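Small disclaimer: the values here were computed from a predicted structure and weren't measured.
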Amino acid sequence: MDSKQQRVKLNDGHFIPALGYGTYKPQEVPKSETLEATKLAIDAGFRHIDTAYAYEVEEEVGLAIQSKIAEGSVKREDIFLTSKLWCTFHRPELVQHSLKISLRKLGLDYADLYIIHYPVAMQPGEELFPTDEQGKTLYDTGDICATWEAMEKCKDAGLAKSIGVSNFNHRQLEMLLNKSGLRYKPVCNQVECHPYFNQSKLLDFCKSKDIILVAYGALGTQRDKKWVNQSSPVLLEDPVLCAVAKKHQRSPALTALCYQLQRGVVVLAQSFKEKEIKENLQVFEFQLTSEDMKVIDGLNRNLRYLPAEFIEDHPNYPFSDEY
């Protein structure tokens with residue numbers, strides 16, 4: 001089934017496919033796997049592909065898209081491609097430059113969606129994670145409103161059809177929405193969201209502002225040792241989630257994806273395995289009951305798998321607020 005059949009309208013009039021394919025990979029996974037898996041995802045029916053400058057796989061994602069366009073299985077306009085502005089490019093004069101770097105790597109003329117990856121500016125330069133001798137993150141004096149104005153110019157220039165944010169709390173969203181001279185609202189806020197961390201307050205806030213919540217880590221993340229505490233509970237082994245899944249004769253992963261779609265959340269699913277990639281598209285073939293939804297809501301324990309510790313000493317660290 002083509003995920004394009006379920007699309008969500010953004011506040012700027014464009015449409016985003018409700019299910020997306022995530023392309024983050026742990027360092028130990030070879031980049032060639034991203035190339036092959038992204039091709040498999042497009043073959044399976046994924047039309048929404050989510051990547052980022054910081055994932056360092058934009059070339060591979062681009063090659064996968066190019067090869068599928070070249071063989072005639074999709075057209076460029078069938079694909080909804082998201083990339084992200086990294087923290088070292090927040091200076092207004094670097095924003096469009098960074099998007100152009102990403103587009104060059106992807107081999108595309110425009111991104112369907114370009115989002116600010118984190119609301120924190122880091123020192124510009126070659127390093128993704130600039131640090132001093134003590135290993136402390138080097139920050140830049142950033143103004144998120146000035147960065148947003150540069151994002152608006154990317155939309156004006158046709159380099160991005162839609163613009164949004166990621167990892168913003170409600171206060172930081174308010175700051176953008178209330179800024180004088182705002183021309184485009186963010187269309188989305190992409191955040192970690194799953195049954196152990198369901199973001200219900202942030203979701204309600206975003207809905208009230210006509211901002212779509214996009215969920216990453218929706219299956220409990222890939223548990224990358226670099227970022228995720230290995231003693232944290234494994235979401236897809238949760239007995240309650242597994243029981244709901246069994247009732248519907250579906251996998252816990254599909255059940256976790258379905259949960260998000262039924263809350264009006266756009267959800268990203270990541271896998272390198274062909275069987276799982278194909279299975280994730282079956283999410284449109286069944287529905288959870290309101291009772292199932294309540295039961296899964298009850299699993300929330302405010303467990304953040306990805307606390308972004310590399311920016312936690314910054315005043316704009318987004319995760320100190322309740323939501």
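Under the 3.5 Å distance criterion, the side-chain polar atoms of Thr82 are left unmatched by any main-chain donor or acceptor of Asp50. A side-chain donor-acceptor contact under 3.5 Å links Trp148 to the backbone of Tyr184. Panel note: side chain Glu192, backbone Leu306; a donor-acceptor pair is recorded below 3.5 Å. Listed for the Thr147 side chain is a donor-acceptor partner under 3.5 Å among the backbone atoms of His90. Between the side chain of Asp238 and the main chain of Val240, a donor-acceptor pair closer than 3.5 Å is present. At distances below 3.5 Å, not a single donor-acceptor pair connects side-chain atoms of Thr34 with backbone N or O atoms of Pro30. A donor-acceptor pair under 3.5 Å is absent between the side-chain atoms of Asp112 and the main chain of Ser162, judged by distance alone. Checked by atom type and distance alone, the side chain of His48 never pairs as donor or acceptor with a backbone atom of Phe80 at under 3.5 Å. Remark: the backbone N or O of Leu106 is paired with a side-chain donor or acceptor of Gln66 at under 3.5 angstrom. Using modelled atom types, no side-chain atom of Glu60 and backbone atom of Thr23 make a donor-acceptor pair closer than 3.5 Å.
Checked by atom type, the side-chain pair Glu276/Ser271 shows a donor-acceptor distance below 3.5 Å. Using modelled atom types and a 3.5 Å distance limit, the side chains of Tyr139 and Asp313 yield a donor-acceptor pair.
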Inset, instruction - Could you go through the side chain to side chain donor-acceptor pair (under 3.5 Å) check for Glu58 and Ser102 one step at a time? - result: CA-CA 7 Å; Glu58 286 175 313; Ser102 286; 2.7 Å; yes
Inset, instruction - Let me see the working for Val74 and Ile69 under side chain to side chain contact (heavy atoms under 4.5 Å, CB included), right down to the final yes or no. - result: CA-CA 5 Å; Val74 289; Ile69 292 172; 4.0 Å; yes
Legend entry - Trace of the salt bridge (Lys or Arg N to Asp or Glu O under 4.0 Å) decision for Asp109 with Arg76: CA-CA 10 Å; Asp109 298 330; Arg76 168 64 186 97; over 6 Å; no
Inset, instruction - Test Tyr317 against Val120 for side chain to side chain contact (heavy atoms under 4.5 Å, CB included), laying out the working first. - result: CA-CA 7 Å; Tyr317 178 66; Val120 170; 5.5 Å; no
Inset, instruction - Tell me, with the steps shown, if Val295 and Glu291 meet side chain to side chain contact (heavy atoms under 4.5 Å, CB included). - result: CA-CA 6 Å; Val295 166; Glu291 186 51 41; 3.8 Å; yes
Inset, instruction - Kindly indicate, with the supporting measurements, whether the criterion side chain to side chain contact (heavy atoms under 4.5 Å, CB included) is fulfilled by Leu235 and Tyr305. - result: CA-CA 10 Å; Leu235 175 71; Tyr305 286 111; 3.6 Å; yes
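Residues satisfying the ring-ring contact (aromatic ring centres under 6.0 Å, His included) criterion with His248, sequence neighbours excluded, are Phe286.
Between Tyr196 and His194, the two ring planes are perpendicular [angle over 60°; tilted spans 30° to 60°]. Note on ring orientation: taking the six-membered ring where Trp is involved, the planes of Phe310 and Tyr118 are perpendicular (angle over 60°, cut-offs 30° and 60°).
Separating the OG1 atom in Thr51 from the CD atom in Glu59 is a distance of 9.5 Å, to the nearest 0.5 Å. Rounding to the nearest 0.5 Å gives a distance of 7.5 Å between CD1 of Ile277 and CD of Gln270. The CD1 atom of Ile311 lies 6.5 Å from the CZ atom of Phe319; values are rounded to the nearest 0.5 Å. Of the inter-residue distances, the one linking Asn189 atom CG with Asn167 atom CG reads 7.5 Å to the nearest 0.5 angstrom. For the atom pair CG (Leu299) and CG (Leu241), the distance works out to 6.5 Å, reported to the nearest 0.5 Å. With rounding to the nearest 0.5 Å, the separation of NE2 in His314 from CG in Asp140 is 8.5 Å.
Contact detail for Ala150 and Pro92: the closest heavy-atom pair is CB-O, 3.6 Å. Minimum heavy-atom separation, Gln123 to Thr88: O-CG2, 3.3 Å. When all heavy atoms are compared, the tightest approach of Cys242 to Leu236 is SG-O, 3.5 Å. Closest non-hydrogen pair, Pro195 versus Tyr259, comes out as CG-CD2, 4.1 Å. Residues Pro119 and Ser166 approach most closely at CD-O, 4.0 Å, considering heavy atoms.
Under the 4.5 Å side-chain criterion, counting only non-hydrogen atoms from C-beta, Val191 is in contact with Gln199. With contacts defined as side-chain heavy-atom distances shorter than 4.5 Å, the pair Pro233/Arg301 qualifies. Under the 4.5 Å side-chain criterion, counting only non-hydrogen atoms from C-beta, Met151 is in contact with Val95. At least one side-chain heavy atom of Met293 sits less than 4.5 Å from a side-chain heavy atom of Arg263. Under the 4.5 Å side-chain criterion, counting only non-hydrogen atoms from C-beta, Gln96 is in contact with Lys100. Within the 4.5 Å cutoff, no side-chain heavy atoms of Lys68 are placed close to those of Ile79. Between Val214 and Ile115, every side-chain heavy-atom pair lies at or beyond the 4.5 Å cut-off. Using a 4.5 Å heavy-atom threshold, the side chains of Asn198 and Leu203 count as separate.
Of the charged side-chain nitrogens involved, none lies within less than 4.0 Å of a carboxylate oxygen, so that Lys9 and Asp210 do not count as a salt-bridged pair. Salt bridge present: Arg250 and Glu285 bring a charged side-chain N and a carboxylate O closer than 4.0 Å. Looking at Asp43 and Lys278, no side-chain N of the basic residue comes within less than 4.0 Å of a carboxylate O on the acidic one, giving no salt bridge. For the pair Lys179 and Glu149, the salt-bridge criterion is met [side-chain N within less than 4.0 Å of a carboxylate O]. Glu36 has a carboxylate O that lies under 4.0 Å from a charged side-chain N of Lys39, or vice versa, which qualifies the two as a salt bridge. Classification of Asp292 and Lys247 as a salt-bridged pair holds, one side-chain N sitting under 4.0 Å from a carboxylate O.
Under the 4.5 Å side-chain heavy-atom criterion for grouping Ile, Leu, Val, Met, Phe, Trp and Tyr, Leu138 is not connected to Leu85 through any hydrophobic cluster. In the hydrophobic clustering of this structure, Phe15 does not group with Leu10; members are Ile, Leu, Val, Met, Phe, Trp, Tyr whose side-chain heavy atoms approach within less than 4.5 Å, directly or through other members. By the criterion of side-chain heavy atoms lying less than 4.5 angstrom apart, applied directly or through intervening Ile, Leu, Val, Met, Phe, Trp or Tyr residues, Leu35 is not grouped with Val57; the two fall into different hydrophobic clusters. Tracing side-chain contacts under 4.5 Å through hydrophobic residues (I, L, V, M, F, W, Y), one never reaches Leu81 starting from Leu63; they form parts of separate clusters. Put simply, Val266 and Phe197 are part of two different groups of oily side chains (I, L, V, M, F, W, Y) that touch within less than 4.5 Å, one to the next.
The 12-atom threshold is not exceeded at NZ of Lys246, counting heavy atoms of other residues, nucleotides or ligands nearer than 6.0 Å. Under a cut-off of 6.0 angstrom, the local environment of CD in Glu312 is crowded, with over 12 non-hydrogen atoms contributed by other residues, nucleotides or ligands. The number of heavy-atom neighbours closer than 6.0 Å to CD of Gln27, taken from other residues, nucleotides and ligands shown, is 12 or below. The number of heavy atoms from other shown groups lying within 6.0 Å of CD (Gln249) does not exceed 12.
If you look at Phe89 and Tyr53, their ring centroids are closer than 6.0 Å.
A cation-pi arrangement is absent between Lys25 and Phe272, since the terminal nitrogen or guanidinium carbon is not both under 6.0 Å from the aromatic centre and inside a 45° cone about the axis.
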